[in-house]
Amino acid sequence: MKKKVGFIGWRGLVGSVLLERMIFKNDLSKINIKFFTTSQVGHNGPKINNKKFGILENAYDLHKLIELDIILTCQGSTYTEKVYFNLRKLGWKGFWIDASSCLRTNKNSIIVLDPVNYNFIIESINNGCKTFSGGNCTVSLMLMALGGLFSENLIKKIFVSTYQAASGAGSNYIKKLLLEMGILHNSVEKEINKNNFSILKIENVVSSLLKSKKFLRRFNDVPLAGNLIPWIDNDNGDGNSKEEIKGEFETNKILNLKFLDKVIIDSICVRVSTFRCHSQSFLIELKKNIFIKEVKEILCNHNKWIKLIDNTKSDTIANLTPSMVSGTLKILLGRIKKSNFGNKYITAFSIGDQLLWGASEPLRRILNILIKL
Ligand code: HSE
């Protein structure tokens, strides 16, 4: 019998990337899927490869949800908060798979990233775990990149600086970035096309525009084009952003590391004006001094998605960029070298698609594990 799966939030950015991957991997043929909505109950569901998927069901109707074996939601934390606990109170024993951060800290949930914590996932399922969250995008991408060093228990501490793409803040942010880019370009178009253009004049015009009240009012937000924003998500009140505190907590939860074995992770998370894919610069303290050649072997043997980039100028600038990885499952990893901090310290730089390994792919893969049970 095919499992009954309800999909909520399939039209948002993460949900639509997930649905696209599920269609590509032929996952829909393995399940009996129903599409739900929070706003368009009774409208037609999607038509995929000429097949109609019925009428959209109400995502708040607990009596409909209770009939499902698996709920897959990319609708966000507010939805999960409203529905998950009430459904469990009604005695629903199905599997809940969630892209949001709402249940990541819940003791009954595990954070899934099977190339990294497959054994823990299986052990948890065998122990009755029914609730699965996808990890924070930068955390999952970091673990995919550095998984070899984690699995060999070689990491003591990491400091990471992130360079997170506009799409991490939602689809409207891509639109905002493009509009800003257009306005900036228009403001200097005549000057830039002159043979004897004045770069100081151009710089002055765009910089003044970025600071102007008119520009701030137009987007009701800090500009991202020609800029960066070194704060992501809410203020945790202790000098860290919410995005930054997720790093250490989620990493240790995914790896199921207990108090004494915990890896220390600290970070500064930054929004940059790339469109898609999150980049991260790591300073890693290893537990022992290892040759760089061995570090590279350990890293690239961990999973088949890692693509090592030689630490040379030509390879790095040609291959280690967000645009080279966008829309793929590759995890680019380069700039691996010993640090001047000491012989146990190394640096690395990695880039991955935050909508794939950073969000949708771990969910698609846990769904595939669960439907085989
Ligand atoms: N928290 C992430 C961000 C979302 O703000 O970029 C995942 O892409």
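For ligands, and for the atoms within them, numbers begin at 1 and follow the listed sequence. Count residues from 1 along the sequence.
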Undergrad: Under a 3.5 Å cutoff, is there a donor and acceptor pairing between the side chains of Glu81 and Ser77?
TA: no
Undergrad: Before accepting this row, confirm whether a basic side-chain N of the pair Glu361/Arg21 lies closer than 4.0 Å to the acidic partner's carboxylate O.
TA: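 Yes, this pair counts.
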Undergrad: Excluding sequence neighbours, so at least two apart, what forms salt bridge (charged side-chain N to carboxylate O under 4.0 Å, His left out) with Lys288?
TA: none
Undergrad: What pairs with Phe197 under ring-ring contact (aromatic ring centres under 6.0 Å, His included), at least two apart in sequence or on another chain?
TA: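 Phe197 satisfies ring-ring contact (aromatic ring centres under 6.0 Å, His included) with no residue once adjacent residues are dropped.
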Undergrad: Sequence neighbours left out, what pairs pass ring-ring contact (aromatic ring centres under 6.0 Å, His included) with at least one residue falling in residues 205-242?
TA: Phe215-Phe219
Undergrad: Measuring from each atom of ligand 1, which residues have a heavy atom under 4.0 Å away?
TA: Asn136, Cys137, Gln164, Gly168, Ile232, Glu243, Arg271, His278, Gln354
Undergrad: Assign the ring pair Tyr84 / Trp96 to parallel, tilted or perpendicular, where the plane angle (0 to 90°) is split at 30° and 60°.
TA: perpendicular
